[in-house]
J.: 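Input: one structure, supplied below.
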Amino acid sequence: MDIALEPDLHAFRDMVRAFLAEHLTEELRRAAERATSVFIDPAISLPWQRILHARGWTAPDWPERFGGPGWSEIERYVFAAECVAAGAPNLAPMGLKMVAPVIMHYGSPDQQAHYLPRILSGEDYWCQGFSEPGAGSDLGRLQLRAVRDGADYVLNGSKIWTTHAHFANRMFCLVRTSNEGKPQAGISFLLLDMQSPGIGVEPIRTLAGEHELNQVFFDDVRVPVANRLGEENDGWSVAKHLLTFERGGKYAPALMGQLRRLRGHDVPDPVIRARLGREAVTLRALQALEMKAMRGLGGGAALYASALKLLGTEAAQRIDTLACEIAGPAAWSEADGQTPASLAVAVPRYLNGRAATIYAGSNEIQRDLIARQILG
Ligand SMILES: Cc1cc2nc3c(=O)[nH]c(=O)nc-3n(C[C@H](O)[C@H](O)[C@H](O)COP(=O)(O)OP(=O)(O)OC[C@H]3O[C@@H](n4cnc5c(N)ncnc54)[C@H](O)[C@@H]3O)c2cc1C
């Protein structure tokens with residue numbers, strides 16, 4: 001972590017370091033080092049989640065009453081940075097960082113009591129059912145139909161690009177419950193069980209040859225009305241709230257860790273060394289912005305979320321490119337066992353990282369949102 005800490009944070013940092021030194025196994029650390037995506041395989045992320053859960057540290061950002069540790073913003077930042085520095089795996093964001101905040105905000109007490117502890121422990125693994133073959137950037141046009149039948153909705157249609165749907169036992173899903181008025185006004189937000197009869201999950205292979213994405217088909221799938229979050233036809237408000245959490249976040253600690261590893265290699269080319277130096281400066285600025293956003297300085301959570309998504313994902317792609325250039329022919333040498341992991345997975349990581357400027361709302365759309373919010 002490169003920020004200067006106030007003296008009273010040293011004890012907190014040391015406590016986190018001691019915990020990581022004791023509990024982060026070499027096996028988990030090595031698996032995380034070879035991961036090519038921010039979405040880490042649950043075979044790696046869930047064991048680490050269970051270790052954190054036993055200490056009460058799974059969800060640093062959650063309020064204490066729902067099971068968060070009650071840390072200040074800066075303590076959360078220190079924790080995230082120390083986890084990265086130690087090489088801990090990412091936890092899956094779909095439950096902890098995306099659907100949990102909206103369950104806290106829009107959920108009934110029963111929904112909160114049911115879902116939140118299962119998200120914390122990792123018992124439930126979530127996927128996000130927003131995009132459809134005909135609705136991505138223009139999400140308001142989604143067509144997955146949900147028709148009321150007694151105490152259930154009956155769902156027909158399809159979701160696409162659904163990350164980790166093949167692992168998930170739960171999906172949060174946007175469905176069309178009305179065709180009246182503006183397209184956004186006929187959408188509802190459902191929490192559903194992936195084991196429900198009528199759900200089919202088909203893999204989509206990425207450019208890097210990995211199975212991370214899926215298309216999910218719904219054929220007369222029954223979902224209890226009680227599983228709706230928020231009011232019928234008000235799912236757009238829930239989704240907008242959720243997207244703020246999906247887009248914002250802490251990019252700088254992980255990128256600083258990646259850059260530090262690259263700068264540890266012998267880099268004879270002065271131009272590449274200069275580009276590494278420039279990224280180090282860029283990341284300092286990103287870190288300052290992230291800390292400002294966390295403290296709510298200047299307001300505008302959605303504006304910060306869009307800006308951080310843009311700056312974080314574009315810096316990540318530049319750093320992935322540098323990794324490939326530094327690695328040269330070793331950039332896809334998974335099998336040789338000689339090349340350091342930060343270089344051996346450079347090409348698959350680069351290919352996977354191309355998606356970062358597309359998912360969570362493409363960067364063109366983020367630029368549009370920023371322009372609209374600033375220019376009115
Ligand atoms: C790796 C990956 C994981 C994903 N995971 C999930 C997931 O788990 N759940 C989920 O629901 N979705 C997921 N998505 C889908 C993602 O949210 C969409 O791909 C994204 O919103 C873009 O939609 P689209 O692919 O339909 O592209 P389109 O909307 O068709 O856009 C195509 C191009 O046109 C540009 N464009 C479109 N409209 C405008 C405009 N108004 N102004 C300027 N440019 C515009 C876009 O920026 C893009 O470059 C994932 C995508 C990827 C790549």
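Computed from a predicted structure; not experimentally measured. All ligand and atom numbering here is 1-based and tracks the order in the structure.
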J.: Measure from atom 6 (C) of ligand 1 to the protein's non-hydrogen atoms and state whether any distance is below 4.0 Å.
T.: yes

J.: Any idea which protein heavy atom is nearest atom 9 (N) of ligand 1, and the distance to it?
T.: Q128 O, 2.7 Å

J.: If you measure from the Lys or Arg side-chain nitrogens to the Asp or Glu carboxylate oxygens, is any gap between R148 and E232 under 4.0 Å?
T.: yes

J.: Side chains of L96 and Q49, heavy atoms from C-beta outward: is any pair under 4.5 Å?
T.: yes

J.: Can you check whether E212 has an N/O within less than 3.5 Å of an N/O in ligand 1?
T.: no

J.: Around atom 8 (O) of ligand 1, find the nearest protein heavy atom and jot down its residue, atom name and distance.
T.: T163 N, 3.0 Å

J.: Any side-chain heavy atom of E212 sitting closer than 4.5 Å to one from N352?
T.: yes

J.: Just going by heavy-atom distances, which of M94, R367, E364 is nearest to atom 48 (C) of ligand 1?
T.: E364

J.: Testing T163, T313, V38 for side chain to side chain contact (heavy atoms under 4.5 Å, CB included) with Y359, which one passes?
T.: V38

J.: Can you tell me the protein heavy atom closest to atom 1 (C) of ligand 1 and the distance?
T.: A355 CB, 3.4 Å

J.: Measure from atom 50 (C) of ligand 1 to the protein's non-hydrogen atoms and state whether any distance is below 4.0 Å.
T.: yes

J.: Nearest 0.5 Å, what's the CZ-CZ distance between F12 and R76?
T.: 10.0 Å

J.: So which protein heavy atom does atom 19 (O) of ligand 1 come closest to, and at what separation?
T.: I358 CG2, 3.5 Å

J.: Checking a contact table here: which protein heavy atom is nearest atom 52 (C) of ligand 1, and how many Å away?
T.: Y359 CB, 3.7 Å

J.: Would you indicate which of G136, G129, S131, C127 comes nearest to atom 26 (O) of ligand 1 when only heavy atoms are counted?
T.: G136

J.: Return the option from D368, T162, L207 holding the heavy atom at the smallest distance from atom 42 (N) of ligand 1.
T.: D368

J.: Would you say atom 34 (O) of ligand 1 touches the protein, meaning some protein heavy atom is under 4.0 Å from it?
T.: no

J.: Side chains of W62 and L120: does their closest heavy-atom pair fall under 4.5 Å?
T.: yes

J.: Can you find an N/O atom of F130 closer than 3.5 Å to an N/O atom of ligand 1?
T.: yes

J.: Before signing off on this row, confirm whether W161 and ligand 1 have an N or O atom pair separated by under 3.5 Å.
T.: yes

J.: One residue to check: L139. Relative to ligand 1, which of side chain, backbone, both or neither has a non-hydrogen atom less than 4.0 Å away?
T.: neither

J.: May I ask you to identify the nearest protein heavy atom to atom 46 (C) of ligand 1, giving residue, atom name and distance to one decimal place in Å?
T.: S362 OG, 3.5 Å

J.: Check E325 with R275, please: is the shortest side-chain N to carboxylate O separation under 4.0 Å?
T.: yes

J.: To check your reading of the model: name the closest protein heavy atom to atom 36 (N) of ligand 1, its residue, and the distance in Å.
T.: S137 OG, 4.3 Å

J.: So, R367 and E314, do they make that salt bridge, N to O below 4.0 Å?
T.: yes

J.: Do W57 and F79 come within less than 4.5 Å of each other through their side chains, counting heavy atoms only?
T.: yes

J.: Just heavy atoms, cut-off under 4.0 Å: does I365 contact ligand 1 by side chain, backbone, both, or neither?
T.: side chain

J.: May I ask you to say whether R205 pairs ionically with E210, meaning some side-chain N is under 4.0 Å from a carboxylate O?
T.: no

J.: Here's one to test your reading of the geometry: is the NZ or CZ of R170 within 45 degrees of the ring axis of F172 and under 6.0 Å from its centre?
T.: no

J.: Measure from the ring center of Y115 to the ring center of W126 and say whether it is less than 6.0 Å.
T.: yes

J.: Protein heavy atoms near atom 30 (O) of ligand 1, is at least one of them under 4.0 angstrom away?
T.: no

